[in-house]
Structure formats: C-alpha cells, structure tokens
Amino acid sequence: MTGPTPLLAAVDTKALWYATRGSGTVTLVLLTASLVLGIVTTVGWASSRLPTFVTQGLHRNISLLVTVFLALHVATTVIDGFAPIRWLDAVVPFRSSYRTLWLGLGAVATDLLLALVVTSLVRVHLGFRTWRAVHWLSYACWPVAVVHALGTGSDTRATWSLGAVGVCSAAVLASIWWRLAVRRPERPLAGVAALTSSVVVPLAVVGWMIAGPLQSTWGQSKRSAAVEAAAAGFTDTFTGAYRQSSQTPGQPVTVEVSGSLAGHPGLVLTISLQGRLTTTGGVALQTGDAFLDASDGAAGWEGAVSGLDGNRIDALLADASGRKLALTLTVTINRSTLTAQGSVVANAV
C-alpha cells in the first residue's frame, strides 16, 4: 500500500443522512396517498370537481413518484456509507448484517412495490385477473414499509415521525373502512377478515412499538465494555497481519490488514481493500470495508473505507444503533514478514 493512490470522491455524509431520512418519509407519505387513491378508485367515487379519470391518473402518477423517492432513499443510504448496506441489500431481503430483519422488510416492500409498478406498466399485456391479483400486494406493501420505517429508522421516537406515521395510518384505515361500508365484498367472510385485520394489525403494531421501537434501548445489540469505550473515540497503536491476493501490477487485488489495538485488547480492527495493484506497489482503491469487532463476539462497528492515500486509510463506521466513528489507520507494511504496524485515531461523529 505504499506509494500515492487516489482518494475516493469526498461526499457530505451529513447531507446524505438527512436526504436518506427525508426521502424515506416522503416515500411513505406518497405510498399512503397512492394506496388511498387506489381504494377510492376501486369504489368508483367521483365528483364534478374530481372525476374518475382524474383520480385514476393521479393514482398512477403518484405511484411512479413513489419509485423516484424510493430510488433516492436507497441511493443515499448506500452512498452515505455510515452503515454496511450494499445495493443488493435493497432488493434481496435479509441479506445485510446491519439490522437484518428491519432492513430486510424494507427490501420486501421494495420488491412488492416494483412488482406493482411493472405490472401496471405492462397491464395491457396481462389479463385483468393477473393484474388485479398482483395489485392486492399493495395492501401488504404498505404495512411492511411502515414496520420497516419504525424498526430501522433513527427518528422513530421523534414527534414529527410518529405524527407522520399516525396520519398515514389513519388515512389508510379510514379509506379501508369506507370501502367496506360503501361496497361490501362479494364474500361475507372476506369482509369480516378485512375488517378484523384492519383492527387487529394496528393494535398489534402499537403494542410492538410500545415494547420495542419506543424504548430508549431499541436497536442496541449485545456489546462488550471495549465496544462501548470505543464509542467516545480513541487513539491507539495497531499491530497485525497483512495479506495480499496478487503481486502483479494492473491486476485486481484484495489487501487485508487485521490486528489488535494495544490500549483496547477487546477489539480487533480489520480493513479489506479491493482495487488494482499499481506499479509502485500501491493500491488504486475501488472499494473497501472496515470492521471494528469485539473479540468476545459482541456486536461491533462496521462501515466502508472512504479514502486511501499512501499508508493512510480513512473509514466511516457505525454500530447497530447508528452511532458513528470516523477512523483513520496510518500503517506500515512489512511484506517480508506479512505484518503491519501503525496508529489508529477514531473520533465520534
């Protein structure tokens, strides 16, 4: 890793973090509006000021707008890098190690929404029954998205966040009850099931929120004393091992540095770099991951490498509750002994 190597493009992570939170909330609000308009359209409600074709067009355009803000939400989350979330995690449920269940539900909601949008765009090529069956997924997509937001969001206990979820929930429930009152299902049992679900599910979610997301300890996994001590930031010396997958300049290479910290014996720092080997022996960085793990198996810190300049490696890490560490490792490599030594500076963000 000696020799000059390019820094990754600097990104304002604070702005990205706000964009992630804002786009997520807007996505939920628009998804709620789309669902309510869809229910209104199925009932056939219309007025002189708002004829049926207007509500149908509005429903379709808002649905497309949902996908725009969803894409923005996913992109800012991945690019932000404060949590180890990759592009594939947005569509493959329960793949990420970061808040696996709650992030996985977000991927499920994304897949359901994409299925709705795609089938709507090719509706003329589908049978009405097929299209209608897929569109019933909207009733599953919305609550899954809500639970995802409450379970993984950093603003769950904020008044504005609870207010937004409350208003959206009230709008959806009111539209479902109105639909059941105006147009009863052809099958009485289906109507009873829908009415029961519209009461039981919200009560279950409220109970879960009181016991879970509204608690101050929500999202905190098992942590060791060493992990907790690291949250305030530290300066330490590093000693570890060095591995390199290739010695041929210009070829893809993976470089891994892993070792212990003298002042924090309960922690193990691992940094993995992927790129191409330069003629000077350095690494032209393409991507990288950083882990500050507890040696006792407790949950630690994970993140992405944000810059590489000579022997200096910068990374932004986060734990399961969203706390961040900006970490810099300045390391010297001994290729003959495959060892690494250096210093680490970590600051709470």
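Values below: every heavy atom of this structure, side chains too, minus hydrogens, waters and symmetry copies.
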Quiz item: What are the two closest non-hydrogen atoms of Val147 and Leu105, and how far apart are they?
Solution: CG1-CD1, 3.7 Å
Practice problem: Kindly say whether Arg157 contributes a backbone atom to a donor-acceptor pair with the side chain of Ser161 at under 3.5 angstrom? | Solution: no
Practice problem: Applying side chain to side chain contact (heavy atoms under 4.5 Å, CB included), name anything that partners Ser336, two or more places apart in sequence or on another chain. | Solution: Asn334
Practice problem: Go through the steps for Val68 and Leu64 under the test side-chain contact (heavy atoms from CB on, under 4.5 Å), then give the verdict. | Solution: CA-CA 7 Å; Val68 174; Leu64 294 175; 6.0 Å; no
Quiz item: Can you name the nearest heavy-atom pair linking Val268 to Ser258, along with the distance?
Solution: CG1-OG, 4.0 Å
Exercise. Answer yes if Val253 and Leu338 sit in the same cluster of Ile, Leu, Val, Met, Phe, Trp and Tyr residues linked by side chain heavy atoms under 4.5 Å apart, and no otherwise.
Key: yes
Self-check item: Ile333 backbone acceptor or donor facing Gln341 side chain under 3.5 Å
Solution: no
Quiz item: Between atom SG of Cys141 and atom CG of Leu116, what is the distance when rounded to the nearest 0.5 Å?
Solution: 6.0 Å
Self-check item: Whether Phe234 and His264 hold their rings parallel, tilted or perpendicular, with breakpoints at 30° and 60°
Solution: tilted
Exercise. Decide yes or no on side-chain contact (heavy atoms from CB on, under 4.5 Å) for Ser34 and Trp142, but give the supporting numbers first.
Key: CA-CA 10 Å; Ser34 176; Trp142 185 84; over 6 Å; no
Quiz item: So if you build clusters from Ile, Leu, Val, Met, Phe, Trp, Tyr with side-chain heavy-atom gaps below 4.5 Å, do Val29 and Val66 land together?
Solution: no
Self-check item: Nearest-0.5 Å distance, OG1 of residue Thr27 to CG of residue Leu72
Solution: 7.5 Å
Quiz item: If you group Ile, Leu, Val, Met, Phe, Trp and Tyr by side-chain heavy-atom gaps below 4.5 Å, do Leu162 and Val201 land in one group?
Solution: yes
Quiz item: Do Leu327 and Trp301 touch side chain to side chain, with heavy atoms closer than 4.5 Å?
Solution: no
Exercise. With sequence neighbours excluded, tell me which residues meet ring-ring contact (aromatic ring centres under 6.0 Å, His included) with Phe69.
Key: none
Quiz prompt | Qualifying side chain to side chain donor-acceptor pair (under 3.5 Å) pairs, either residue in residues 194-212, two or more places apart | solution = Trp177-Ser198
Quiz item: What is the minimum heavy-atom distance between Thr254 and Ser245, and which atoms define it?
Solution: N-OG, 2.8 Å
Quiz item: Does Val108 belong to the same Ile/Leu/Val/Met/Phe/Trp/Tyr cluster as Val91, with side-chain heavy atoms less than 4.5 Å apart forming each link?
Solution: no
Quiz prompt | Residues which pass side chain to side chain contact (heavy atoms under 4.5 Å, CB included) with Val345, listed by chain and number, not counting sequence neighbours | solution = Thr235, Asn347
Practice problem: Please check if the side chain of Ser175 supplies one atom and the backbone of Ala171 the other of a donor-acceptor pair under 3.5 Å. | Solution: yes
Practice problem: Applying salt bridge (Lys or Arg N to Asp or Glu O under 4.0 Å), name anything that partners Asp111, two or more places apart in sequence or on another chain. | Solution: none
Quiz prompt | Value rounded to 0.5 Å, distance of CG in Leu37 from CG in Asn61 | solution = 10.5 Å
Exercise. For Ala340 and Val331, work out which heavy atoms get closest and say how close.
Key: CB-CG2, 3.7 Å
Practice problem: Measure the spacing between CG of Asp89 and CH2 of Trp87 and express it to the nearest 0.5 Å. | Solution: 11.5 Å
Quiz item: Which heavy atom in Ala149 sits nearest to a heavy atom in Thr156, and how many Å separate them?
Solution: O-OG1, 3.7 Å
Quiz item: What are the two closest non-hydrogen atoms of Ala231 and Arg323, and how far apart are they?
Solution: CB-NH1, 3.6 Å
Quiz item: How long is the gap from CD1 on Ile271 to CZ on Phe291, to the nearest 0.5 Å?
Solution: 10.5 Å
Quiz item: What residues form a side chain to side chain contact (heavy atoms under 4.5 Å, CB included) with Ala262, not counting sequence neighbours?
Solution: Asp236, Thr237
Quiz item: Can you check whether His73's main-chain N or O pairs, donor with acceptor, with Thr76's side chain at less than 3.5 Å?
Solution: yes
Quiz prompt | Main-chain N/O of Ala19 paired to Ser23 side chain as donor or acceptor, under 3.5 Å | solution = yes
Quiz item: In Å and rounded to the nearest 0.5 Å, what is the OG1 to CG distance from Thr270 to Asp293?
Solution: 6.0 Å
Quiz prompt | hydrophobic_cluster_shared for Val36 and Leu195, side chain cutoff 4.5 Å | solution = yes
Practice problem: Verify the distance criterion only: is there a donor paired with an acceptor across the side chains of Asp314 and Thr328 at less than 3.5 Å? | Solution: yes
